[in-house]
Amino acid sequence: MTNITFMLPDGSKLACNASEGLSLMEVALQNSVTGIIAECNGAAACGTCHVIVDEHLWSELDPVGEHENDMLDFTASAREPGSRLSCQIKVDARLNGALVRIPTEL
Ligand code: FES
C-alpha cells in the first residue's frame, strides 16, 4: 500500500492507503475526496480531477503529457506549476508519503 494524504480545499487533510496500479483519481474517488469529480472517468477530457502535487514530486513522476498539458491549459483556471490531472498519475512507491492538494477552484 502507498500512503497518500490529500489536502482538501478547506485546508483539512485526509490520509489514505492506496493500492498500486490505481490512478490517483480513483484513490480520491474511493475516499470521497472533496473537489475531485472526474466527470470523464479518467479519459483526460474534463479537468475535474485537477490536483497539485508537491514540488519534490515534479521530477519524480512521469512528465505531463501533451494532451494532459493541453487539458490543464483549457480547464484549470487555477493552474500552478505542480498541477496535474490525477487520472493520469498511477499510484506507485514514488507517491508514498505524498501530500496532494486539491485546488479551491478548478
Ligand atoms: S477524470 Fe476527467 S480529466 Fe481526469
Side-chain angles (χ1 to χ4, degrees):
M1 294 295 250
T2 301
N3 297 309
I4 299 169
T5 299
F6 291 95
M7 180 180 285
L8 306 180
D10 68 1
S12 62
K13 293 180 181 174
L14 176 65
C16 304
N17 288 319
S19 299
E20 294 194 9
L22 292 177
S23 71
L24 191 54
M25 175 272 285
E26 291 171 314
V27 174
L29 291 180
Q30 284 180 348
N31 290 278
S32 302
V33 170
T34 303
I36 298 298
I37 300 164
E39 283 178 354
C40 75
N41 200 29
C46 71
T48 62
C49 67
H50 177 204
V51 297
I52 298 145
V53 299
D54 275 347
E55 185 170 355
H56 79 273
L57 286 170
W58 297 356
S59 59
E60 290 284 319
L61 297 175
D62 296 334
V64 177
E66 185 177 341
H67 181 70
E68 180 182 0
N69 187 55
D70 290 346
M71 189 55 55
L72 284 165
D73 275 346
F74 184 67
T75 62
S77 60
R79 186 170 184 177
E80 297 183 25
S83 287
R84 298 295 305 260
L85 296 178
S86 59
C87 66
Q88 301 303 298
I89 298 174
K90 287 290 182 201
V91 172
D92 62 25
R94 295 175 294 181
L95 283 170
N96 196 34
L99 179 64
V100 176
R101 185 161 49 90
I102 310 301
T104 54
E105 57 185 279
L106 289 178

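This is a predicted model, so every value here is computed, not measured. Read the numbers this way: they start at 1 and go in the same order the structure lists the ligands and their atoms. Any value given below was found using the heavy atoms of this structure, including those in side chains, with hydrogens, waters and symmetry copies removed.
With salt bridges taken as basic N to acidic carboxylate O contacts below 4.0 Å, one links R101 and E80.
The closest side-chain donor-acceptor pair between N69 and R84, if any, does not fall under 3.5 angstrom. A donor-acceptor contact closer than 3.5 angstrom links the side chains of H50 and S83.
In this structure, atom 1 (S) of ligand 1 lies nearest to the protein heavy atom G42 N, 3.3 Å.
Within a 6.0 Å sphere centred on CG of N41, heavy atoms belonging to other residues, nucleotides or ligands number 12 at most.
Among the backbone and side-chain atoms of H50, none of the N, O or S atoms lies under 2.8 Å from atom 4 (Fe) of ligand 1. Under 2.8 Å from atom 4 (Fe) of ligand 1 lies no N/O/S atom of C46, from backbone or side chain alike. For atom 2 (Fe) of ligand 1, the set of nearby N, O or S atoms under 2.8 Å includes one belonging to C40.
Only backbone heavy atoms of A45 (N, CA, C or O) come within less than 4.0 Å of ligand 1; its side chain stays farther off.
Distances below 4.0 Å separate heavy atoms of C49 from the following atoms of ligand 1: 1 (S), 3 (S), 4 (Fe).
A heavy-atom separation below 4.0 Å is found between G47 and ligand 1.
With rounding to the nearest 0.5 Å, the separation of OG1 in T104 from CG in L8 is 12.0 Å.
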